[in-house]
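Note that the coordinates shown come from a computational prediction; the quantities given were computed from them, not determined experimentally. Reminder, nothing fancy here: chain letters follow the sequence lines and each chain counts from 1.
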Amino acid sequence: MATEYERKRLENIKRNYEMLASLNVHGTKSLLSSATKRSRDESKSIKTKKFKKKQKPEEPIVIRQSLRTRGLTPDLKGLPNGFSDKPRRNVVSVSKNESVRVLAPLSLDDVYEGEGSYSEFVDCIVNGEFGDGKACGEKRIDFDEVPLKLEQENVARVVPERILVVKFLPLENVRMVVAGDKSGNVGFWNLDCDDEKNDGIYLFRPHTAPVSSLVFQQNSFSKVISSSYDGLIRLMDVEKSVFDLVYSEDEAIFSLSQRPNDEQSLYFGEGNGMFNVWDIRVGKSSFQWDLHERRINSIDFNPQNTNVMATSSTDGTACLWDLRSMGAKKPKMLKTVQHAKPVHSAYFSPSGHMLATTSHDNYIGILSGANFEDTHMIDHINSTNRWISCFRGVWGWDDSYIFVGNLSKRIDVIAPKLRRTVMELHNPLMKAIPCRIHCHPHNVGMLAGATAGGQVYVWTPK
DNA sequence: TCTATTGTTAAGTGA
DNA sequence: TCACTTCCACAATAGA
């Protein structure tokens, strides 16, 4: 199977290199990006700038026509089936609005959507001082002594569309977040940069469909790996100025993770429940397991024992797996948490002693005990609608708190031991629902909330 | 039983 | 301020 993947991948890369060469992608790009660039006078308004309406629907047609008129073989694979859980749905309607998927490396220039130069961004990443790559350990935060605050300067629209993933870069000396949105944009925001032209925001579009995950390559943080519903995994290498193509298939990739201390492999979920372990160096699949009935929404590893993995799925379950012991066709399942509706996340606590699941059934599940044998369900409204990315309860800097979005435009802070919301983060500046949240891996008390409108709100300790 | 369609909803855009 | 558009989550319903 792996060799088949590899063969197809190489074929695609070759074909698309030819296509790129014939199309003169740089020229094409300037045409594409001109439609999405912001006008100059708009950029004056603080950091919540307006984005022009997405790409024009005719753009892909232009490319496809030129392909045909040039007598080139089009991308016969078309777009991934996996946009929906139910295969073979929506494919036609989707392809109408999607740009062409380029199965080849893309230079940063090719997909830069912003104004002006992004050289400052490159300098910042290349010269940044990185943390040790691990979470800051278990650091307790006392909200009575250190309340969190939200300030105007820490509000920005980082990408044009609904955010599916937001992350702080693991930098020590610069505060930078990256967000992936519904249209395949990846936007970086340097909070410590106040360049008049771009306000420290650098927008790229390496994907043609929703960006599902962003991870930082271990031990080389100038590399950002992105997965997308477009079926691609790209590796952004800032030093080499390229979004490389790591993996391409027809099925949408809904989740991506890296196992601590294993920088060579990518762990991701594609299509209806397939789980893939991909060897980056060799460029082929090490394992493929059918772990779930429906799409896998999250993958996480126990920081205490990285052989133990948690997955959550639209099939209504979250599962713990032992990667050391194999069953007949897949790893040994240690535990299943059953929810009544899709589960959108299952994350281990910083200590590795607990697991938090977030489900559309309006419960947040807490697993604890030596073997995660104790399960408690906490009521929490998680049933978002189609416009809002599903909530995911994320852990703070120790096992004391879970942060999760609330439909009333606030962030709920849940104490798992008390099994209730103990604090709410709200502020008039937070004008939309913070559906995806990330806590800074090094700076205790710094957390980002991301919305369906592309905004990011960074809360900081007072 | 499986597939297709529809309703729900938030938030940006532009008049 | 308001009408319009979005449309890739999910559930309920209709249809094959």
Side-chain angles (χ1 to χ4, degrees), chain A residues 35-36 38-39 41-42 45 47-57 78-99 101 155-165 180-185 187 207-213 227-232 250-255 269-272 293-298 312-316 339-345 358-362 381-392 405-410 429-436 449-457:
Chain A
T36 52
R38 289 160 274 157
S39 69
D41 40 59
E42 278 170 336
S45 63
K47 290 191 174 161
T48 44
K49 294 178 286 201
K50 285 182 178 176
F51 289 90
K52 281 265 166 116
K53 271 236 163 178
K54 23 238 121 176
Q55 80 283 5
K56 306 264 192 298
L79 285 145
N81 287 331
F83 278 110
S84 164
D85 284 323
K86 291 151 190 117
R88 291 170 296 283
R89 270 185 58 184
N90 294 335
V91 176
V92 176
S93 64
V94 165
S95 57
K96 250 194 327 195
N97 295 321
E98 291 299 324
S99 310
R101 220 167 48 134
V155 176
R157 193 166 181 202
V158 178
V159 285
E161 301 270 356
R162 175 163 62 88
I163 293 175
L164 283 85
V165 53
D181 82 358
K182 193 198 73 177
S183 297
N185 294 292
H207 293 283
T208 57
V211 177
S212 50
S213 305
S227 65
S228 168
Y229 290 20
D230 66 10
L232 310 185
D250 283 357
E251 298 287 323
I253 297 161
F254 293 108
S255 48
E270 60 180 335
N272 289 316
E293 298 290 316
R294 305 277 292 275
R295 60 187 248 185
I296 297 169
N297 294 311
S298 74
S312 67
S313 168
T314 295
D315 68 12
H339 280 272
K341 288 186 179 176
V343 190
H344 277 276
S345 64
T358 308
S359 168
H360 210 263
D361 70 357
N362 292 332
I381 304 294
N382 305 315
S383 48
T384 56
N385 63 56
R386 65 184 299 185
W387 311 119
I388 304 297
S389 298
C390 300
F391 292 160
R392 293 177 170 179
N406 185 296
L407 290 170
S408 306
K409 297 177 183 172
R410 59 174 202 247
L429 291 171
M430 208 151 73
K431 293 188 172 76
I433 299 165
C435 42
R436 293 286 154 98
T451 75
Q455 292 95 348
V456 176
Y457 305 99

Trainee: Nearest whole angstrom, please: distance from the P of dA9(C) to the CG of Asp315(A).
Mentor: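 So the CG-P distance, Asp315(A) to dA9(C), works out to 16 Å.
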
Trainee: Side-chain N or O of His344(A) versus OP1/OP2 of dA9(C): is the shortest distance under 4.0 Å?
Mentor: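 Answer no for this pair, as no side-chain N or O of His344(A) is under 4.0 Å from OP1 or OP2.
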
Trainee: Report yes if a side-chain nitrogen or oxygen of Arg157(A) is closer than 4.0 Å to either non-bridging phosphate oxygen (OP1 or OP2) of dG12(B); otherwise report no.
Mentor: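 Answer is no, no contact under 4.0 Å.
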
Trainee: Counting just side-chain N and O atoms, does Lys182(A) come under 4.0 Å of either OP1 or OP2 of dC7(C)?
Mentor: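 Checking Lys182(A) against dC7(C): at least one side-chain N or O falls below 4.0 Å of OP1 or OP2.
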
Trainee: Just jot down the side-chain contact (heavy atoms from CB on, under 4.5 Å) partners of Lys409(A), sequence neighbours excluded, or say none.
Mentor: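 Once residues adjacent in sequence are excluded, the partners of Lys409(A) under the side-chain contact (heavy atoms from CB on, under 4.5 Å) criterion are Ile433(A).
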
Trainee: Tell me whether the OP1 or OP2 atom of dG12(B) has a side-chain N or O from Gln455(A) closer than 4.0 Å.
Mentor: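 Gln455(A) to dG12(B) OP1/OP2: side-chain N or O found under 4.0 Å.
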
Trainee: Can you find a donor-acceptor pair, distance only, under 3.5 Å between Arg386(A) side chain and dT9(B) base?
Mentor: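 When only heavy-atom distances are counted, Arg386(A) does not reach the base of dT9(B) through any donor-acceptor pair under 3.5 Å.
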
Trainee: Mind checking side-chain contact (heavy atoms from CB on, under 4.5 Å) for Asn385(A) and listing every partner two or more places apart, or none if nothing turns up?
Mentor: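 side-chain contact (heavy atoms from CB on, under 4.5 Å) list for Asn385(A), sorted by chain: Trp387(A), Ile388(A).
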
Trainee: Report the distance from atom NZ of Lys409(A) to atom P of dT9(B), rounded to the nearest whole Å.
Mentor: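 From Lys409(A) NZ to dT9(B) P: 15 Å.
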
Trainee: Rounded to the nearest 0.5 Å, how far does CD1 of Ile253(A) lie from CD of Glu251(A)?
Mentor: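 Nearest 0.5 Å value for the CD-CD1 distance: 9.5 Å.
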
Trainee: P atom, dT9(B) versus dT13(C): distance in rounded Å?
Mentor: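 Nearest-Å result for dT9(B) against dT13(C) at atom P: 16 Å.
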
Trainee: Please state how far atom CH2 in Trp387(A) lies from atom P in dG7(B), giving the value in whole angstrom units.
Mentor: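 Answer to the nearest Å: 13 Å.
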
Trainee: Just N and O in the side chain of Tyr229(A): are any of them under 4.0 Å from OP1 or OP2 of dC7(C)?
Mentor: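 No, outside the criterion.
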
Trainee: Report the nucleotide, chosen from dA10(B), dT13(B), dA9(C), that has the shortest atom-to-atom distance to any side-chain atom of Arg162(A).
Mentor: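 Of all the options, the side chain of Arg162(A) is nearest to dA9(C).
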
Trainee: Would you say that Asn185(A) contacts Pro160(A) through its side chain, given a criterion of any heavy-atom pair below 4.5 Å between the two side chains?
Mentor: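 Of all side-chain heavy-atom pairs linking Pro160(A) with Asn185(A), at least one is under 4.5 Å.
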
